[in-house]
2 protein chains.
Amino acid sequence: MKRILIIEDDVSILSGLKDVLTFKSYDVLTAEDGESGYAAAVEEKPDLIILDIMIPKMDGFTLCRKLRAEGNSTPVLMLTAKGEEPDKIQGLDIGADDYVTKPFSLPELLARVRVLLRRMPERAKKNLPDSIKIGDVSLNFKKYEAHKRDMVLNLSPKEFGILRFLASRMGEVVTRDKLLDEVWGYDLYPTTRTVDNHIAQLRIKIEKNPADPRYLVTVHGIGYKLELDKE
Amino acid sequence: MKRILIIEDDVSILSGLKDVLTFKSYDVLTAEDGESGYAAAVEEKPDLIILDIMIPKMDGFTLCRKLRAEGNSTPVLMLTAKGEEPDKIQGLDIGADDYVTKPFSLPELLARVRVLLRRMPERAKKNLPDSIKIGDVSLNFKKYEAHKRDMVLNLSPKEFGILRFLASRMGEVVTRDKLLDEVWGYDLYPTTRTVDNHIAQLRIKIEKNPADPRYLVTVHGIGYKLELDKE
DNA sequence: TCGAATCATTACAGAATTTTTACAAAATTA
DNA sequence: TAATTTTGTAAAAATTCTGTAATGATTCGA
């Protein structure tokens, strides 16, 4: 389920929006000022932020620019009041992805929300590689194809996800919880044993000797890591 | 420098817009009716088209639909006459990327122009061939024709759209949501199951054995992809 | 206005994947 | 070494995903 963070100090708008979006089966988070909104954006990693410009403590422009400056590319849908410091919108390229002018029509806002959420997946994969090679196994994440030498290797989405994330932190140990967070996502929390099972499956598929893994290495008490040059 | 084509018959709006956009360092082209506007869109390949609906010779809807039918994905910002929601919605249905209602506020228009241009790179990636061959089926996207061996193959617009988009990302997996976004468009949101049905229809039409597809391949848990050389 | 074509929804069976569970094996600790 | 914690993994159970047929809605053109 997609998560939407609304940052808006006008409580009537906030609760109205929240109700509608909740009814549309989105998971809604809220904040009523810029500072707590910023914190929520960073910590909760929503899939979309609906951001009013005129909010206490930190205005929407600043908030949005701050996120972008940090490389956060969560889609932002701005709520601007008509005649609200138009020069600012005009003069600054603040990095919002879309705008709605208050008072807005609900269908229009929903349409824009849908569009932004659909475009999302593109951006999400930040420093994740498109393809990697692990020993004689090569992976292509765009095609979702895996080959072992010339043979096609059948990997499940989770297996692809795990390898992709581990590859993005090549050589670093990653905890099971971190993997669940990144590969599974916020709203699903299987046990950490589930991770072990997937790792075991992966070893069968990509290691020469699954009982003595060279690439998918266990770090006892911590988690797993992907190594390419174990001697 | 980004090039913007304005198609608008109201000369006062046209020249006003042109001045502002030129001042903002865009390269501005203009046309005052649908036919010359269409020609300019095709020949000049602008980065963005600002398109009024009520224009002589060919209205904005038709023009936009015509471009999209040919696979032209230049972002289109519609100018809709002050008025009803239905107009707006329809504007987005036909493949426009955004719209502004007249009389519009300049800052808002500029903001939307920036947003659309920023989105561009994602779009531009489309390297759509004029025609492709899938097994013994050949498709011509320019002419909107499909043949199976010598026989004419009747494909619906959606079917064409799906194939065209998949072909533009040959070999890459595309999610159902992405397909809905690109083929169905802004304001339509059928369920993802709808995509499955169209894929099933397509398989019947282009695969030798629809139950074991060689070209229109499912990637379980992710989406579909078009492959040309599965052995 | 009617009919044909297209499109969307729904339902459900069968696949495929994911999660849980259980227990053995290994590593760590004291 | 014994106790404890952690990991590996097989197998069962649960869940999710896909294919597809049937049905209804919508659109478009004659």
Side-chain angles (χ1 to χ4, degrees), chain A residues 1 25 114 144 146 152-163 173-177 179-180 182-185 187-207 209-225, chain B residues 61-62 65 69 86 89-90 93-95 144 146 152-163 173-177 179-185 187-207 209-225:
Chain A
M1 193 196 304
S25 315
R114 266 194 308 276
Y144 274 80
V152 172
L153 196 58
N154 197 19
L155 297 185
S156 76
K158 285 282 185 292
E159 289 166 347
F160 268 109
I162 290 170
L163 285 180
V173 187
V174 175
T175 66
R176 289 173 181 75
D177 278 338
L179 275 173
L180 285 173
E182 297 288 338
V183 179
W184 273 256
D187 57 344
L188 291 169
Y189 251 80
T191 69
T192 50
R193 293 346 321 288
T194 300
V195 177
D196 296 29
N197 278 293
H198 283 281
I199 294 285
Q201 285 307 307
L202 274 173
R203 282 178 176 154
I204 291 171
K205 290 178 179 176
I206 73 175
E207 296 278 358
N209 178 8
D212 174 32
R214 291 164 52 92
Y215 307 116
L216 271 174
V217 182
T218 302
V219 178
H220 193 100
I222 312 288
Y224 298 100
K225 64 177 171 178
Chain B
F61 290 136
T62 309
R65 224 180 287 122
I89 300 300
Q90 197 185 352
D93 269 8
I94 59 165
Y144 224 88
V152 172
L153 189 59
N154 196 19
L155 295 184
S156 77
K158 288 283 183 292
E159 289 166 347
F160 238 98
I162 290 170
L163 283 180
V173 182
V174 175
T175 65
R176 291 172 180 75
D177 274 343
L179 277 171
L180 285 174
D181 196 19
E182 295 288 339
V183 178
W184 273 255
D187 202 61
L188 295 168
Y189 36 98
T191 68
T192 50
R193 296 338 318 289
T194 299
V195 177
D196 296 29
N197 281 293
H198 283 277
I199 293 283
Q201 287 308 308
L202 273 172
R203 282 178 176 153
I204 291 171
K205 291 180 179 175
I206 73 175
E207 296 277 357
N209 178 7
D212 175 33
R214 292 164 53 93
Y215 308 114
L216 271 175
V217 182
T218 301
V219 177
H220 193 104
I222 311 289
Y224 297 100
K225 64 178 171 178

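So you know, we letter chains A, B, ... as the sequences are listed, proteins then strands, and number each from 1. Hydrogens, waters and symmetry mates play no part in the numbers below; they use all other heavy atoms, side chains included.
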>> Evaluate A/L155 against A/L163 for side-chain contact (heavy atoms from CB on, under 4.5 Å), listing each step before the verdict.
In response: CA-CA 10 Å; A/L155 297 185; A/L163 285 180; 4.0 Å; yes
> Think B/Y224 has a side-chain N or O under 4.0 angstrom from the OP1 or OP2 of D/dG19?
Replying inline: yes
> Measuring from B/K205:NZ to B/E159:CD, what's the distance to the nearest 0.5 Å?
Replying inline: 3.5 Å
>> Does the plane of the ring in B/H198 sit parallel, tilted or perpendicular to the ring in B/W184? Use 30° and 60° as the thresholds.
In response: perpendicular
> Would you say A/T191 reaches C/dT19's phosphate, i.e. side-chain N/O to OP1/OP2 under 4.0 Å?
Replying inline: no
>> Below the 4.0 Å mark, does C/dT18 have OP1 or OP2 next to a side-chain nitrogen or oxygen of A/W184?
In response: no
> Tell me: CG of A/N197 to P of C/dT21, nearest whole Å?
Replying inline: 12 Å
> Can a side chain N or O of B/R203 be found less than 4.0 Å away from OP1 or OP2 on D/dG19?
Replying inline: yes
> B/Q201 has an atom CD; how far is it from atom C1' of C/dA5, in whole Å?
Replying inline: 12 Å
>> Base, sugar-phosphate or nothing for B/P210? Non-hydrogen atoms, less than 4.0 Å.
In response: nothing
>> If I take atom CG in residue A/L179 and atom P in nucleotide D/dT7, what distance separates them, rounded to the nearest angstrom?
In response: 13 Å
> In whole angstroms, how far is the P atom of C/dA15 from the CG atom of B/D212?
Replying inline: 14 Å
>> From CD of A/E159 over to P of C/dT19, roughly how many Å is that when rounded to an integer?
In response: 11 Å
> For B/K158 and C/dT9, what is the distance between atoms NZ and P respectively, to the nearest whole Å?
Replying inline: 12 Å
>> Using modelled atom types and a 3.5 Å cut-off, is there a donor and acceptor pairing between side-chain atoms of A/E207 and backbone atoms of A/D212?
In response: no
> Closer than 4.0 Å, any side-chain N/O of B/R176 to the OP1 or OP2 of D/dT18?
Replying inline: yes
> Which nucleotide sits closest to the side chain of B/D196: D/dT18, C/dA8, C/dT20?
Replying inline: D/dT18
>> Quick check on D/dT9: is either OP1 or OP2 less than 4.0 Å from any side-chain nitrogen or oxygen of A/R193?
In response: no
>> So which atom in A/P157 and which in B/G221 form the shortest heavy-atom distance, rounded to 0.1 Å?
In response: CG-CA, 4.2 Å
>> Does A/Y215 form a side-chain hydrogen bond (donor to acceptor under 3.5 Å, both in side chains) with A/R203? I'd like the steps, not just the answer.
In response: CA-CA 8 Å; A/Y215 307 116; A/R203 282 178 176 154; over 6 Å; no
>> From CD1 of A/I199 over to P of C/dT20, roughly how many Å is that when rounded to an integer?
In response: 16 Å
> Starting at the 5' end of DNA chain C, which residue's closest nucleotide do you reach first, A/V195 or A/N154?
Replying inline: A/N154
> Could you give the CG-to-P distance, from B/L202 to C/dT6, as a whole number of Å?
Replying inline: 12 Å
> Under 4.0 Å: is that the gap between some side-chain N or O of B/S156 and OP1 or OP2 of C/dC7?
Replying inline: yes
> Counting side-chain heavy atoms from C-beta on, which of D/dT9, C/dT19, C/dT28 comes nearest to A/H220?
Replying inline: C/dT28
>> Check the phosphate of D/dT9 against A/H198, side-chain N and O only, distance under 4.0 Å to OP1 or OP2. Yes or no?
In response: no
>> Any base atoms under 4.0 Å from B/T194, or only sugar-phosphate, or nothing? Heavy atoms, all strands.
In response: base
